[in-house]
S.K.: 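The structure under discussion is supplied below as structure tokens; questions concerning it will follow.
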Amino acid sequence: MNITIYCVGKVKEKFYRDAIDEYAKRLSRYCKLSIVEVTDEKTPDNASPVEEAQIKEKEGQRLLSKISDSTYLIALAINGKGLSSPELADKINSLGLSGKSNIGFVIGGSLGLSDEVLKRADYKLSFSAMTFPHQLMRVILLEQVYRAYRIISGEPYHK
């Protein structure tokens, strides 16, 4: 199984990078993991709704240019469906069993995802009604994907 995390911007903080590297190392025994970053747009203070929409559109186009048509795309979105860890494991496992070998997760920038990216998504997943920094969301997502593979493999995991 190929898992790709598509995200906007670079992770600047070392502690986030260390956590991402650790989960990438742990996941290497279960899947082929790739992280694809696209450049983020600078958001001016007090940006208008039109400016924010333009920023999301530019970032969205960059993301979409990296995503192949064969990728089953899961967008992280506040208004998506919330799943438990076992339910996420079931989702990933059933995708693999149905022949989907390329699963992509997409994390937007500080303003979220463009409408085009959300339309392209095959599934919208919510981790919470709360907003998280997009750098931290990478760590949370990788931890949950790792946990999902532990569940799929019948290995113990912290409940």
Side-chain angles (χ1 to χ4, degrees), residues 1-13 16-41 53 55-153 157:
M1 176 81 65
N2 298 307
I3 302 284
T4 305
I5 311 295
Y6 300 95
C7 36
V8 175
K10 297 227 179 272
V11 174
K12 296 169 185 77
E13 294 85 355
Y16 286 142
R17 286 194 314 269
D18 290 345
I20 290 165
D21 291 345
E22 177 63 26
Y23 283 110
K25 182 176 81 175
R26 291 181 187 190
L27 276 164
S28 67
R29 65 184 279 226
Y30 301 103
C31 65
K32 182 177 182 287
L33 176 71
S34 302
I35 298 176
V36 175
E37 296 176 333
V38 299
T39 307
D40 57 343
E41 289 289 314
I55 289 167
K56 286 198 301 187
E57 176 67 26
K58 286 179 185 173
E59 291 173 346
Q61 289 303 316
R62 289 184 192 126
L63 287 166
L64 290 170
S65 74
K66 303 290 184 185
I67 301 167
S68 77
D69 291 341
S70 65
T71 298
Y72 184 92
L73 191 64
I74 299 172
L76 274 59
I78 286 176
N79 62 351
K81 181 171 175 34
L83 298 176
S84 66
S85 296
E87 288 170 333
L88 179 61
D90 287 345
K91 178 82 175 161
I92 291 171
N93 194 40
S94 66
L95 287 169
L97 293 173
S98 68
K100 305 268 191 250
S101 60
N102 295 308
I103 300 174
F105 291 88
V106 63
I107 303 171
S110 60
L111 298 175
L113 293 167
S114 70
D115 289 341
E116 274 75 35
V117 173
L118 292 171
K119 284 178 194 153
R120 165 59 182 86
D122 297 292
Y123 192 86
K124 293 175 191 71
L125 175 64
S126 175
F127 275 78
S128 172
M130 292 185 267
T131 302
F132 295 102
H134 53 282
Q135 297 93 337
L136 177 59
M137 200 62 234
R138 284 193 219 184
V139 176
I140 295 169
L141 173 61
L142 287 169
E143 189 281 332
Q144 285 298 304
V145 171
Y146 171 68
R147 183 180 298 263
Y149 275 107
R150 301 265 310 173
I151 293 168
I152 291 165
S153 299
Y157 69 97

S.K.: Begin from the C-alpha positions of Y149 and I3 and carry the test side chain to side chain contact (heavy atoms under 4.5 Å, CB included) through to its verdict.
M.R.: CA-CA 11 Å; Y149 275 107; I3 302 284; 3.8 Å; yes
S.K.: Mark yes when over 12 heavy atoms from residues, nucleotides or ligands other than K100 sit less than 6.0 Å from its NZ; otherwise mark no.
M.R.: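 For K100, atom NZ is not crowded (no more than 12 foreign heavy atoms under 6.0 Å).
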S.K.: If you round to the nearest 0.5 Å, how far is OG of S84 from CD1 of I151?
M.R.: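 Rounded to the nearest 0.5 Å, the CD1-OG separation comes to 7.5 Å.
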S.K.: Between L33 and V145, is there a side-chain heavy-atom distance shorter than 4.5 Å?
M.R.: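 Not touching, per the 4.5 Å side-chain cut-off.
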S.K.: Just verifying a value: how many Å separate L125 CG and I78 CD1, rounded to the nearest 0.5 Å?
M.R.: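 Those atoms lie 12.0 Å apart.
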S.K.: Rounded at 0.5 Å granularity, tell me how far CD1 in I5 sits from CZ in F105.
M.R.: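 Interatomic distance, I5 CD1 to F105 CZ, rounded to 0.5 Å: 6.0 Å.
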S.K.: Drop me the distance from R26's CZ to R150's CZ, to the nearest 0.5 angstrom.
M.R.: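 Those atoms lie 8.5 Å apart.
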S.K.: Evaluate the side chain to side chain contact (heavy atoms under 4.5 Å, CB included) criterion for residues T4 and N102: first the C-alpha distance (whole Å), next the side-chain angles of each, then the deciding distance (0.1 Å), finally the verdict.
M.R.: CA-CA 8 Å; T4 305; N102 295 308; over 6 Å; no
S.K.: Could you walk me through whether E87 and K81 pass salt bridge (Lys or Arg N to Asp or Glu O under 4.0 Å), step by step?
M.R.: CA-CA 11 Å; E87 288 170 333; K81 181 171 175 34; 5.7 Å; no
S.K.: Run the numbers on V8 and I107 for side chain to side chain contact (heavy atoms under 4.5 Å, CB included), then give the verdict.
M.R.: CA-CA 7 Å; V8 175; I107 303 171; over 6 Å; no
S.K.: Walk me through it: do R147 and E143 pass the test salt bridge (Lys or Arg N to Asp or Glu O under 4.0 Å)?
M.R.: CA-CA 6 Å; R147 183 180 298 263; E143 189 281 332; 2.7 Å; yes
S.K.: More than 12 non-hydrogen atoms from neighbouring residues, nucleotides or ligands closer than 6.0 Å to NZ on K58, yes or no?
M.R.: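 Check fails, neighbour count at 12 or below.
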S.K.: Nearest 0.5 Å please: distance from the CD1 atom of I103 over to the CG atom of L73.
M.R.: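 Atom-to-atom, I103:CD1 and L73:CG are 11.0 Å apart.
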S.K.: Charged N to carboxylate O under 4.0 angstrom, R120 versus E116?
M.R.: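 Looking at E116 together with R120, the answer is no, because their closest N to O distance does not fall below 4.0 Å.
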S.K.: Rounded to the nearest 0.5 Å, what separation is found between the OG atom of S126 and the CG atom of L83?
M.R.: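 Those atoms lie 9.0 Å apart.
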S.K.: Kindly give the heavy-atom pair with the smallest separation between L113 and V117, and that separation in Å.
M.R.: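 Nearest heavy atoms, L113 then V117: CD2-CG1, 3.9 Å.
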S.K.: Restricting to non-hydrogen atoms, name the atom on T71 and the atom on G104 that form the minimum distance, rounded to 0.1 Å.
M.R.: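 Between these two residues, the closest heavy atoms are CG2-N, 3.5 Å.
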S.K.: Where do I92 and A148 come nearest, in terms of heavy atoms and distance?
M.R.: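 Looks like CD1-CB, 3.9 Å.
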S.K.: Would you kindly check if the NZ (Lys) or CZ (Arg) of K66 is within the cone defined by 45 degrees around the ring axis of Y6 and under 6.0 Å from the six-membered ring centre?
M.R.: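 Output no; distance or angle outside limits.
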S.K.: Is K56 salt-bridged to E59, cutoff N-O under 4.0 Å?
M.R.: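 Looking at E59 together with K56, the answer is no, because their closest N to O distance does not fall below 4.0 Å.
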S.K.: Relative to the ring of Y146, is the ring of Y23 parallel (under 30°), tilted (30 to 60°) or perpendicular (over 60°)?
M.R.: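 The rings of Y23 and Y146 sit tilted, inter-plane angle from 30° to 60°.
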S.K.: For Y16 and V139, work out which heavy atoms get closest and say how close.
M.R.: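 So the minimum-distance heavy-atom pair works out to O-CG2, 3.9 Å.
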S.K.: Looking at D122 and K124, does any basic side-chain N land under 4.0 Å from a carboxylate oxygen?
M.R.: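 Not counted as a salt bridge, because no side-chain N and carboxylate O are separated by less than 4.0 Å.
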S.K.: How far apart are the closest heavy atoms of A121 and A75, and which atoms are they?
M.R.: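 Closest heavy-atom pair between A121 and A75: CB-CB, 3.7 Å.
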S.K.: Under the 3.5 angstrom rule, does the side chain of S98 hit a backbone N or O of L95 as a donor-acceptor pair?
M.R.: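 Indeed, once roles are kept as given, a pair shorter than 3.5 Å links the two residues.
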S.K.: Closest heavy-atom contact between I35 and R138?
M.R.: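 Looking at all heavy atoms of both residues, the closest pair is CG2-NH1, 4.2 Å.
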S.K.: Start with the C-alpha gap between S110 and D40, add the side-chain angles, then the distance that decides, and say whether side chain to side chain contact (heavy atoms under 4.5 Å, CB included) holds.
M.R.: CA-CA 9 Å; S110 60; D40 57 343; over 6 Å; no
